[in-house]
Amino acid sequence: MNTKIKLLCAWSGPALAVLATVGLALANVLPVPPAAHLDPHEIAQFYTQSTTRTLFGFALASLALGLIFPLVALIAVHMVRMEGRTPLLTFLQMVTGSATGVFLIVPMIMMATCAFRPERSPELIQLLNDFAWLMFITPLAPFCIQNVAIALAILNDPSPQPVLPRWVAFGNLWVAFLFVPSILPYFFYSGPFAWQGIFVFWLAFIAYASWAIGMGLVLRHAVLRDEAAVTMTPMHAVA
Amino acid sequence: MSRPQPRTEQALDLPDFLQEVEQIRSPSTPNKTRDTTRDTTRDQAGDQTRDKAPVKSSAIDRTSVESGLWVFIFGDMTLFGAFFTGFAWQARSEPAVFASSASKLLIGIGGVNTLVLLTSSLFVVAAVRAMHAGAPRPAARALAAALACALLFAALKVTEYLTEVGAGYTPATNLFFTFYFVLTGIHLLHVLIGAVLLFSAWRGLRAETPRVSSRFVEGAGIYWHMVDLLWVVLFPLLYISRLA
C-alpha cells in the first residue's frame with residue numbers, strides 16, 4: 001500500500017508535465033505566449049477571443065501544476081534517507097519546491113482573471129498580464145535552490161548503495177543553469193530574452209517539464225528497487 | 001586467506017578508496033579513520049602500499065566514480081550551443097548591425113582574457129596531475145595560481161563592461177549587445193562558480209591534513225576546462241567573426 005502511494009507521487013511528475021501542457025495549449029499560451037511588446041488592445045484580444053476555452057485551459061493548468069506537491073514530498077522522503085539526523089537540505093527542498101508550486105499556480109489564476117471579464121479596460125488587462133507573466137517566469141531563485149539542495153544531498157549521500165544515482169545530482173545542477181536566463185524578462189520587451197523569447201519561456205518550460213518527468217521516473221525506479229529489496233530479504237534469509 | 005599471503009589488487013585498493021570518502025565526510029577526524037580502518041594488515045608491506053595509496057585511489061576515481069558529472073558538462077554545453085545558434089541566426093538577419101556593433105568591442109581586453117583563461121586551465125592540469133601523484137602541496141599552489149587567473153579574468157571583464165556602458169553601449173542598444181552582455185554575463189557566472197570550486201579545493205588542500213579528495217579536484221578541473229572551452233568559442237564568435 002505504501003509503495004502504491006509512493007508510485008502515485010512519482011507519477012504525478014510526468015502527469016504534471018502532460019496535463020499542464022494540455023492546459024496551456026487550450027489557453028492558447030502554447031505555442032506562442034502573449035508577447036511583452038503587444039499593445040493593450042492586442043493583449044485584451046488574446047484573452048477574450050475565446051473566453052470559455054481560455055478559462056478551461058487555465059483551470060486545467062492550475063490543477064495540473066498542483067501535482068508538483070506530491071513529487072516534492074516524495075523527493076523529500078528520499079532525501080531524508082540520504083541526510084540522516086539533520087535533514088536541513090530536505091527541509092530546504094520542501095520549502096523551495098512548495099514556493100515554486102505557488103509561483104506557478106498564482107499566475108494561472110491571474111491570467112484567468114484577465115479573461116474573466118472581457119469588458120474590462122485593456123490597460124488593466126495589460127497590467128495584470130505583465131504581473132502574471134513576470135511572476136510566472138522570473139522567480140527562479142526558489143527553484144534553483146531546490147535543484148542545488150537535491151544535488152548536494154545526493155552528492156553527500158554516505159551510503160555505499162546510494163538512494164539516488166549521482167548523475168541525478170548533476171542533472172539537477174544543469175536544470176538550475178537552464179533557468180538562469182529566466183531573470184532577463186525584466187529588461188526586454190522583444191527578442192530571445194523577453195518573457196516570450198525562446199531562451200526564456202521555451203527553455204524554462206522544457207526544462208521544468210523535463211525535470212518533473214525525469215525526477216518522477218528516477219523516483220519510480222528507486223521506489224520499485226526498494227520494494228524488490230524488501231520482498232527479497234526473507235527469501236535470502238531462507239536460502 | 002591468512003595474513004602472510006599477498007593481498008589481491010582489489011583488497012589493496014578498496015579500503016583506501018573508502019578512507020578517502022570517509023575523509024570527505026568527517027573532515028575533523030581524518031587521521032583516526034585512516035588508522036583504525038587499516039587494522040590487521042599492518043605489516044611492512046601494508047605500510048608500503050599506504051604510501052602509494054593516493055595514486056591508486058585516484059585511478060579508481062577517474063574511471064568510475066564521477067561519471068555523472070558529464071551529464072552536467074554536456075548539458076551545459078548544449079545550452080551554450082543553443083545560445084551560439086541563436087546568435088548566428090540573428091546575425092544572418094542583421095549582418096550590418098552585428099558587424100558594426102562587434103567592432104565597438106574591446107578586442108584587446110577580450111584577447112588578454114582568452115590568454116588568462118588558457119593559462120588558468122594549464123594550472124588546473126598541473127593541480128590534477130599533482131593530486132594523482134599524491135602531492136597535495138604543489139596541487140594547492142597550482143590551484144591558487146588558477147584562482148588568481150579566474151579573479152583577473154573577472155576583474156578585466158567588469159572593466160570591459162564598465163567601459164562599454166560608459167561609451168553608451170548597453171544590452172538595450174541592439175540585439176548584438178543583448179547577446180553580448182547576456183552570453184558573456186552567463187559565462188562570467190560560470191567563472192565565479194568555478195572560482196568558488198577552485199577556492200574550496202585550494203583551502204581543503206592547504207589544511208594541516210588535506211581534506212579534499214582528488215575526485216573533487218578532478219571534478220572542479222573538468223568544470224573549469226568547460227568554462228575555458230566556452231570562452232574559446234565565445235571570443236571568436238563575438239569579437240573576431242566580423243573580420244571574416
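All values derive from a computational prediction rather than experimental measurement. Chain naming here is simple, since letters A, B, ... match the order of the sequence lines and numbering starts at 1 in each.
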Whether over 12 other heavy atoms sit under 6.0 Å from [X] [atom1]:
X        : atom1 : value
A:Phe103 : CZ    : no
A:Arg81  : CZ    : yes
A:Phe69  : CZ    : yes
A:Arg225 : CZ    : yes
B:Tyr161 : OH    : yes
A:His37  : NE2   : yes
A:Ile198 : CD1   : no

[X] versus [Y]: any side-chain heavy-atom pair under 4.5 Å?
X        : Y        : value
B:Asp76  : A:Leu173 : no
B:Ile193 : A:Phe177 : yes
A:Phe188 : B:Pro171 : yes
A:Trp167 : B:Trp70  : no

In terms of heavy-atom proximity below 4.5 Å to chain A, should [X] be classed as side chain, backbone, both, or neither?
X        : result
B:Phe80  : neither
B:Leu189 : side chain
B:Ile186 : side chain

**Message:** As a test of understanding, state which of B:Thr178, B:Val182, B:Leu175 forms a side-chain contact (heavy atoms from CB on, under 4.5 Å) with A:Pro192.
**Reply:**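 Among B:Thr178, B:Val182, B:Leu175, the one that satisfies the side-chain contact (heavy atoms from CB on, under 4.5 Å) with A:Pro192 is B:Leu175.
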
**Request:** Measure the spacing between CZ of A:Phe199 and CZ of B:Phe87 and express it to the nearest 0.5 Å.
**Result:**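 Here the rounded value is 11.5 Å.
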
**Item:** Pairs of heavy atoms under 4.5 Å with chain A: top-ranked of B:Thr78, B:Leu69, B:Val71
**Value:**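 Highest number of pairs under 4.5 Å: B:Leu69.
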
**Request:** Determine the minimum heavy-atom distance between B:Phe83 and A:Pro181, stating which atoms define it.
**Result:**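 For B:Phe83 versus A:Pro181, the nearest heavy atoms are CZ-CG, 3.8 Å.
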
**Message:** Let's go through B:Phe74 and A:Phe170 carefully: what are the C-alpha distance in whole Å and the side-chain angles of both, what is the deciding distance for side-chain contact (heavy atoms from CB on, under 4.5 Å) to 0.1 Å, and is it a yes or a no?
**Reply:** CA-CA 11 Å; B:Phe74 287 124; A:Phe170 293 107; over 6 Å; no

